[in-house]
**Student:** 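There's a structure below that I have some questions on.
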Amino acid sequence: MAAGNERSMKALKEVWKRAENSLCADCGKPDPDWASSTLGVFICLSCSGIHRNIPSISKVKSLKMDYWDDAQVQFLAKHGNAVTKAIYEAHIPIYYYQPTYHDCQVLREQWIRAKYERKEFTEPGKQLPYSDGVKEGILKRGRDNGQFLPHKFLLSEREGCLKYFTKQDAKEPKINIKIDVINATFQPEKIGNPNGLQITYLKDNKTRNIFVYHESGKEVVDWFNAIRSVQFHYLKVAFPIASDNEIKNRLTRNFLKEGYMEKTGPKQREAFKKRWFTLDHRRLMYFKDPLDAFAKGEVFVGSGENGYSVQKGLPSGTQGNFSWHYGITIVTPDREYLFTCETETDQLEWVRAFTSVINQAMTPQEYAIEAYFKFKS
């Protein structure tokens with residue numbers, strides 16, 4: 001028996017160390033140490049917990065702590081991540097968001113369920129709930145008083161917009177948002193709901209926020225991918241010579257960095273005030289409260305070759321009262337912006353985020369946005 005166990009463990013390790021199995025099959029996290037004995041995939045601890053919630057589809061075991069018999073090891077050897085992905089990920093729509101281990105639980109869970117439970121990607125041309133160019137339904141939308149109330153939303157590829165209605169039986173929408181100015185990103189912690197979704201859009205070149213959620217994780221992720229689907233097909237028409245991957249990279253995006261900092265005013269003598277900041281590529285927005293619908297102000301962060309830079313610390317002789325002592329200075333062609341962070345870790349993370357933006361060359365569209373910021377100031 002001991003010899004058999006040793007033989008099985010040796011064979012298991014051989015399969016485990018294949019290059020194809022070095023990343024989690026579902027989220028891409030390195031060094032997975034769990035596997036599904038029924039699907040034949042190697043997965044991380046976090047994804048194994050999701051698999052465990054669909055026991056009719058997947059039986060998970062630890063590669064380090066559990067016993068694997070010869071038949072189970074042979075099954076893993078026959079399948080593995082590459083073979084199983086070729087089956088369950090054969091026909092993923094180009095616009096479908098494939099989450100990583102950095103993403104929230106609801107995105108990863110619905111991705112796993114879509115693959116193995118609903119088998120959404122095993123056949124070409126399959127009708128999917130987010131692929132037909134129109135979606136209508138009720139989402140709970142946040143208000144200034146903290147309440148989330150049900151409101152009707154209508155997404156239309158034909159009209160190229162997302163409509164929001166204050167009443168479910170309303171004939172006319174309160175807001176009609178063009179699909180090319182929309183972004184959507186999951187914000188469970190900020191919204192206080194595991195299925196929380198933040199929809200942002202531009203109106204008069206200023207950012208507006210809508211915070212929503214749905215009790216069903218599947219429904220809210222379907223909305224998210226429906227937005228990406230409509231955006232993709234709209235941009236295919238708008239930019240006919242662009243490749244699918246180029247267009248895919250222009251769909252919804254996560255914010256580069258969010259969190260509290262203190263800021264002072266343009267005279268740099270005012271008291272520093274605590275604000276919630278969001279860095280959405282070249283737009284640095286600040287809010288009094290994380291769930292505010294409108295930013296109190298926005299700062300354009302350009303490229304280094306155009307005179308923008310970020311520095312740790314504040315200029316010597318900085319006036320104004322501030323309670324946090326880890327300073328950041330953003331230099332623009334027109335002025336300096338001063339911020340303070342609560343911890344050195346926060347400071348370093350913000351500096352890294354700003355540096356990543358400043359090191360990128362600006363696009364023609366971004367030059368136009370910069371011109372708008374200079375004009376309004």
Side-chain angles (χ1 to χ4, degrees), residues 160-162 175-185 187 198-211 227-228 230-232 234-243 245-259 261 263-266 275-288 290 292-311 328-339 349-377:
C161 66
L162 174 67
I175 302 172
N176 191 332
I177 311 167
K178 291 179 61 179
I179 197 64
D180 60 331
V181 299
I182 291 177
N183 185 36
T185 181
Q187 297 278 12
Q198 179 176 348
I199 298 172
T200 65
Y201 63 97
L202 293 177
K203 182 178 181 181
D204 300 326
N205 211 24
K206 295 180 180 179
T207 305
R208 301 290 183 261
N209 297 319
I210 300 175
F211 300 96
I227 290 171
R228 289 175 61 88
V230 170
Q231 282 185 330
F232 180 82
Y234 174 90
L235 293 172
K236 282 289 285 184
V237 175
F239 303 96
I241 64 172
S243 70
N245 278 326
E246 287 174 326
I247 291 177
K248 178 182 177 181
N249 291 334
R250 298 186 62 172
L251 304 183
T252 60
R253 63 199 176 274
N254 293 325
F255 299 137
L256 296 178
K257 174 74 177 162
E258 285 195 292
M261 290 193 292
K263 68 171 290 293
T264 187
R275 295 289 183 257
W276 178 266
F277 284 83
T278 297
L279 180 60
D280 185 8
H281 195 48
R282 296 202 184 275
R283 288 177 182 265
L284 176 65
M285 300 164 280
Y286 55 93
F287 306 84
K288 188 173 182 179
D292 283 347
F294 311 100
K296 291 184 71 66
E298 299 188 27
V299 178
F300 182 83
V301 182
S303 65
E305 61 188 14
N306 293 96
Y308 294 81
S309 64
V310 60
Q311 303 164 5
I328 296 175
T329 301
I330 293 181
V331 179
T332 77
D334 302 313
R335 57 167 284 197
E336 294 180 345
Y337 293 87
L338 309 185
F339 311 101
E349 289 178 353
W350 276 109
V351 168
R352 268 196 300 270
F354 290 131
T355 301
S356 70
V357 174
I358 290 170
N359 285 345
Q360 298 176 43
M362 286 167 55
T363 65
Q365 294 91 338
E366 288 167 348
Y367 277 106
I369 297 171
E370 180 190 41
Y372 168 80
F373 272 83
K374 288 182 176 180
F375 173 76
K376 76 171 185 178
S377 62

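FYI, the numbering just counts along the sequence from 1.
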**Student:** For a 4.5 angstrom cut-off between non-hydrogen side-chain atoms, does N205 reach R283?
**Tutor:** yes

**Student:** Calculate, to the nearest 0.5 Å, the distance between atoms CZ and CD belonging to F373 and E366 respectively.
**Tutor:** 11.5 Å

**Student:** Please confirm whether the backbone N or O of T207 pairs with a side-chain atom of E298, one donor and one acceptor, at under 3.5 Å?
**Tutor:** yes

**Student:** Looking at Y286, does the NZ or CZ of K263 lie under 6.0 angstrom from its six-membered ring centre and within 45 degrees of the ring axis?
**Tutor:** yes

**Student:** Is there side-chain contact between R208 and F294, with at least one heavy-atom pair below 4.5 Å?
**Tutor:** yes

**Student:** For the residue pair V310 and V331, establish whether any side-chain heavy-atom pair is separated by less than 4.5 Å.
**Tutor:** no

**Student:** Any chance the side chains of N254 and T185 put a donor and an acceptor closer than 3.5 Å?
**Tutor:** yes

**Student:** Verify, without hydrogens or angle tests, whether Q231 (side chain) and I179 (backbone) share a donor-acceptor contact under 3.5 angstrom.
**Tutor:** yes

**Student:** Can you name the closest pair of heavy atoms from E246 and R250 and give their distance?
**Tutor:** O-CG, 3.4 Å

**Student:** Between the side chains of Y201 and N209, does any donor sit under 3.5 Å from an acceptor?
**Tutor:** no

**Student:** Kindly give the heavy-atom pair with the smallest separation between P290 and F211, and that separation in Å.
**Tutor:** O-CZ, 3.5 Å

**Student:** How far apart are the closest heavy atoms of A242 and I247, and which atoms are they?
**Tutor:** CB-CG1, 3.9 Å

**Student:** Atom OH in Y337, atom CZ in F354: separation rounded to 0.5 Å?
**Tutor:** 11.5 Å

**Student:** Okay, side chain of N183, backbone of I199: is any donor-acceptor separation there less than 3.5 Å?
**Tutor:** no

**Student:** Is it true that atom CG of D204 has more than 12 heavy atoms of other residues, nucleotides or ligands lying nearer than 6.0 Å?
**Tutor:** no

**Student:** Taking only residues two or more places apart in sequence, or in another chain, which ones meet K236 in a salt bridge (Lys or Arg N to Asp or Glu O under 4.0 Å)?
**Tutor:** D244

**Student:** Write down the atom of D180, the atom of Y234, and the distance for their closest heavy-atom approach.
**Tutor:** CB-CE2, 3.5 Å

**Student:** What I'd like to find out is whether the side chain of I328 reaches to under 4.5 Å of the side chain of M261, using heavy atoms alone.
**Tutor:** yes

**Student:** So, does D292 use its side chain to make a donor-acceptor pair with the main chain of K288 at under 3.5 Å?
**Tutor:** yes

**Student:** Is a side-chain donor or acceptor of R282 paired with a backbone partner of V301 at a separation under 3.5 angstrom?
**Tutor:** yes

**Student:** Return the minimal non-hydrogen interatomic distance between A353 and S356, and the atom names on each side.
**Tutor:** O-OG, 2.7 Å

**Student:** Once you round to the nearest 0.5 Å, how far does NE2 of H281 lie from CD1 of I369?
**Tutor:** 8.5 Å

**Student:** Between the side chain of E336 and the main-chain N/O of T332, is any donor-acceptor distance below 3.5 Å?
**Tutor:** no

**Student:** Do you know which two heavy atoms are closest between S303 and M362, and how far apart they sit?
**Tutor:** N-SD, 3.6 Å

**Student:** Could you tell me which residues satisfy salt bridge (Lys or Arg N to Asp or Glu O under 4.0 Å) with E349, sequence neighbours excluded, listed by chain and number?
**Tutor:** K257

**Student:** Going from CG on L251 to NZ on K248, what distance comes out if it is rounded to the nearest 0.5 angstrom?
**Tutor:** 8.5 Å

**Student:** CD/E258 to CH2/W350 distance, rounded to the nearest 0.5 angstrom?
**Tutor:** 7.5 Å

**Student:** Kindly write out the residues that satisfy ring pair (Phe, Tyr, Trp, His ring centres under 6.0 Å) with F339, not counting sequence neighbours, or none if the list is empty.
**Tutor:** F277

**Student:** Any chance you could measure Q311, atom CD, to T329, atom OG1, to the nearest 0.5 Å?
**Tutor:** 6.0 Å

**Student:** State, yes or no, whether a side-chain contact exists between V357 and L284 at a heavy-atom distance under 4.5 Å.
**Tutor:** no

